[in-house]
Amino acid sequence: MTQTSTYDLCIWDPARPAALPATHHEALDIMERLSSLNTPADDVWRATLAEFASLLVERYEVDKFNQAGSLQHNHSGGLNAFWGGDPRKGAAECKTAVYRLALPGEPCLRQIAYAVEVAAGLGLVVFDDDNGMCFLPGGKILPEDVREMWESNLADLKAGLPDPSIGVPDGRNIWQRIAGDLFDALGR
């Protein structure tokens, strides 16, 4: 049996059970405290999670790299492969004040960016323990010294790779050219 690794993002509403954290360590403390509470999610939190999950599904549906034939992010398993499962199902099953969005293993920058964008629009906090980052609704990132790295990664993501179906001047598409250059560098 093979075990697949996941990448968890923790999402919570700072207006309900906790205030906004001021530091990354405070965010970790809040996340751990809220995760350990065995109080059932209330109707407002359930509605917010349902909206959050529906917006994640919408982001997947309009993502240009999920179109058939794309080599960069072609997830043959569709929505479940892209998100690691249907976010709507996970949100409906959430029983605490912290929703754990389990993404498929690395790389998942595109999914994290979508989750952060959607959460910010709903006033939610996103805690990414794997990268040691906390995204607050107003756009602040904790710790503040990782903002530059995040913005650089986000800029690279938005720029994207060239469309693999577009030929380059010598007639090869970008993937054929990369493979050929690599083959030339290593020796035929």
Side-chain angles (χ1 to χ4, degrees), residues 2-16 31 41-131 133-141 147 149-167 173-175 178:
T2 57
Q3 191 173 16
T4 58
S5 65
T6 60
Y7 187 103
D8 290 347
L9 295 178
C10 296
I11 295 103
W12 71 86
D13 184 350
R16 303 195 51 74
M31 185 273 301
D42 63 28
D43 291 340
V44 174
W45 179 229
R46 284 187 222 283
T48 302
L49 283 180
E51 183 177 3
F52 176 75
S54 292
L55 290 169
L56 293 181
V57 171
E58 284 179 24
R59 292 300 188 280
Y60 166 78
E61 291 171 349
V62 298
D63 186 299
K64 66 181 178 178
F65 293 106
N66 288 322
Q67 296 171 1
S70 171
L71 296 176
Q72 184 178 4
H73 258 59
N74 186 12
H75 292 284
S76 59
L79 176 74
N80 288 334
F82 184 78
W83 285 114
D86 187 334
R88 296 167 296 197
K89 183 176 187 247
E93 294 171 351
C94 180
K95 304 289 186 223
T96 68
V98 175
Y99 170 52
R100 291 187 179 277
L101 177 62
L103 302 174
E106 307 257 357
C108 55
L109 181 61
R110 184 171 302 285
Q111 292 90 331
I112 294 169
Y114 288 157
V116 167
E117 177 187 345
V118 169
L122 296 173
L124 304 175
V125 172
V126 176
F127 186 75
D128 176 355
D129 195 31
D130 289 321
N131 282 322
M133 297 169 34
C134 182
F135 301 89
L136 303 181
K140 186 174 183 179
I141 300 173
R147 173 179 282 290
M149 176 197 66
W150 172 252
E151 288 176 349
S152 173
N153 288 340
L154 206 52
D156 291 347
L157 177 69
K158 287 181 179 178
L161 292 175
D163 185 341
S165 65
I166 297 173
N173 72 32
I174 189 69
W175 300 115
I178 290 170

Side-chain heavy-atom pair Leu79, Asp86 within 4.5 angstrom cut-off
yes
When rounded to the nearest 0.5 angstrom, what distance separates CG in Asn80 from NZ in Lys89?
9.0 Å
Minimum side-chain heavy-atom gap Asn131-Trp150 below 4.5 Å:
no
From CZ (Arg88) to CG (Leu55), nearest 0.5 Å:
11.5 Å
For residues Val116 and Asp128, determine if any side-chain heavy atom of one lies less than 4.5 Å from a side-chain heavy atom of the other.
no
Ignoring hydrogens, what is the shortest heavy-atom contact between Ala50 and Ala91? Give both atom names and the distance.
N-CB, 4.5 Å
With the side chain counted from C-beta on, respond yes when Gln111 and Arg59 share a heavy-atom pair under 4.5 Å apart, and no when they do not.
no
Full working for side chain to side chain contact (heavy atoms under 4.5 Å, CB included) between Phe135 and Val125:
CA-CA 6 Å; Phe135 301 89; Val125 172; over 6 Å; no
Contact summary for Leu101 and Trp83, nearest pair of heavy atoms:
CD2-CZ3, 4.2 Å
Heavy-atom check, side chain of Tyr99 versus side chain of Trp12, under 4.5 Å:
no
Of the non-hydrogen atoms in Arg147 and Lys140, which two are nearest, and what is the gap between them?
NH2-CA, 3.4 Å
Do the non-hydrogen side-chain atoms of Ile141 and Leu136 ever get within less than 4.5 Å of each other?
no
Atom of Leu154, atom of Ala113 and distance for their closest heavy-atom approach
CD1-CB, 3.6 Å
Given side chain to side chain contact (heavy atoms under 4.5 Å, CB included), test Leu124 with Thr48 step by step and report yes or no.
CA-CA 9 Å; Leu124 304 175; Thr48 302; 3.9 Å; yes
Approximate separation, where rounding is to 0.5 Å, of Ile112 CD1 and Asp130 CG
8.0 Å
Asp156 versus Asn153, side-chain donor and acceptor atoms under 3.5 Å:
no
Write down the atom of Pro104, the atom of Ala81, and the distance for their closest heavy-atom approach.
CG-O, 3.3 Å
Should Phe127 and Leu9 count as side-chain neighbours, where that means a heavy-atom distance under 4.5 Å?
no
Looking only at heavy atoms, which two atoms of Pro87 and Leu56 are closest? And how far apart?
CB-CD1, 4.0 Å
Pairwise side-chain contact, Arg100 with Cys94, heavy-atom cut-off 4.5 Å (strictly under)
no
Output the distance between atom CH2 (Trp45) and atom CG (Asp42), rounded to the nearest 0.5 Å.
9.5 Å
